[in-house]
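Just so it is clear, the model here is predicted, and its values are computed rather than measured.
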Amino acid sequence: MKIVLYNDSYRNQLEDLLVEFSESMYSGKCDVDVFVGYHWAVYLAVKDDIVIGFSAFSIGNYLGFLDDIVTNTYIYVKPEYRTSKAMYLFSIQAGRVSEDLDLPLEHCYASDESKRLSRKLKGRKIYEAYIYDRDEVKREYNRLKSKLNIKE
C-alpha cells in the first residue's frame with residue numbers, strides 16, 4: 001500500500017470513491033473536478049493500483065480570523081480497508097503536510113470513528129457544525145418570523 005498525490009490517471013477511481021463517501025455521509029452527489037479544484041492537495045491510498053481511500057487538504061485562515069492553517073478536510077477509506085494501514089499512513093501524511101508547510105493542522109471530523117486518527121494529539125475544539133433539514137428550518141422560521149422586526 002502506498003500514499004500518492006492525486007493525478008488525472010486516478011480520476012475515475014476517485015470519482016467512484018467520492019460517490020461512495022457521499023452516499024454514506026451526504027446525498028450521494030459529487031463533482032470530482034470541484035472537489036480536486038477546491039483542495040490544495042488530495043492524497044490517495046492505493047493498493048495494487050486500486051484507490052481505496054483519499055485524504056484532502058486545504059489552506060485557509062477563516063476569512064482572516066486565524067493565522068493560516070492547513071485543514072485535513074476529508075479522510076475516507078473504504079470500509080473493508082479501515083483496519084489496514086491506510087488510516088495510519090494518512091495520519092502520518094497529515095503530519096508531514098503540516099510540517100512541510102510549517103502550519104498548524106486542523107482536522108474536520110465527520111464521525112466519532114474518524115476522531116481516532118489524532119487521539120495522541122491535544123487539539124483545541126473551535127466549532128461544531130450541523131445540517132438542518134429545509135422543512136424543519138421553514139417550519140421553525142414560520143413559527144418565529146413574527147418576532148423579527150427588521151427594517152430595510
Q: Could you state whether W40 and I3 fall into the same hydrophobic cluster, counting links through intermediate Ile, Leu, Val, Met, Phe, Trp or Tyr residues with side-chain heavy atoms under 4.5 angstrom apart?
A: yes
Q. Does atom CD of E99 have more than 12 heavy-atom neighbours, drawn from other residues, nucleotides or ligands, at distances under 6.0 Å?
A. no
**Q.** From CG (L5) to CD (Q93), nearest 0.5 Å
**A.** 8.5 Å
Q) What distance do S55 atom OG and H39 atom NE2 have between them, rounded to the nearest 0.5 Å? A) 9.0 Å
Q: Could you tell me whether the side chain of R11 reaches within less than 4.5 Å of the side chain of V32, counting heavy atoms only?
A: yes
Q) Is atom CG of D33 surrounded by more than 12 heavy atoms (other residues, nucleotides or ligands) closer than 6.0 Å? A) yes
Q) Is Y81 close to K47 at the side-chain level, that is, under 4.5 Å between some pair of heavy atoms? A) yes
Q. Should V34 and L18 be regarded as members of a common hydrophobic cluster, given that ILVMFWY residues are connected when their side-chain heavy atoms come within less than 4.5 Å of each other, either directly or indirectly?
A. no
(Q) How close do F35 and A56 get, counting heavy atoms only, and between which atoms? (A) CZ-CB, 3.7 Å
Q) Does the side chain of V70 reach to within under 4.5 Å of the side chain of P104, using non-hydrogen atoms? A) no
**Q.** Over all atoms of both residues, closest heavy-atom pair of N72 and A94
**A.** OD1-CB, 3.8 Å
Q.
Can a donor-acceptor pair be found, under 3.5 Å and without considering hydrogens, that links the side chain of R82 to the backbone of V77?
A. yes
Q: To the nearest 0.5 angstrom, please state how far the NE2 atom of H107 sits from the OG atom of S91.
A: 6.0 Å
Q | Pairwise distance OG(S22) to CD(E15) - rounded to 0.5 angstrom | A | 11.5 Å
Q: Apply side chain to side chain donor-acceptor pair (under 3.5 Å) to Y62 and E106, showing your working.
A: CA-CA 12 Å; Y62 284 87; E106 175 189 34; 2.5 Å; yes
Q.
Looking at every heavy atom in both L44 and L14, which two are closest together, and how far apart are they?
A. CD2-CD1, 3.9 Å
Q: Give a yes or no answer on whether the side chain of S98 reaches the backbone of L103 with a donor-acceptor pair at less than 3.5 Å.
A: yes
Q. Of the non-hydrogen atoms in V46 and V4, which two are nearest, and what is the gap between them?
A. CG2-CG2, 3.7 Å
Q: State, yes or no, whether a side-chain contact exists between S84 and M1 at a heavy-atom distance under 4.5 Å.
A: yes
**Q.** Linked, directly or transitively: V19 and I75 (ILVMFWY side chains, under 4.5 Å)
**A.** no
Q. So do the side chains of T71 and I59 get within less than 4.5 Å of each other, counting heavy atoms only?
A. no
Q. Side-chain contact, heavy-atom cut-off 4.5 Å: E20 with D16?
A. no
Q) Would you say Y43 and I50 are hydrophobically clustered, going by side-chain heavy atoms of ILVMFWY under 4.5 Å? A) yes
Q: Please name the residue in the list F21, Y6, Y10 that meets the ring-ring contact (aromatic ring centres under 6.0 Å, His included) test with F54.
A: F21
Q: Over all heavy atoms of both residues, which pair between Q13 and D49 is shortest? Give the atoms and the distance, please.
A: NE2-O, 3.4 Å
Q.
Surrounding CG of D67 (heavy atoms of other residues, nucleotides or ligands, distance under 6.0 Å), is the total greater than 12?
A. no
Q | Side chain to side chain, Y76 and S24, heavy atoms closer than 4.5 Å | A | yes
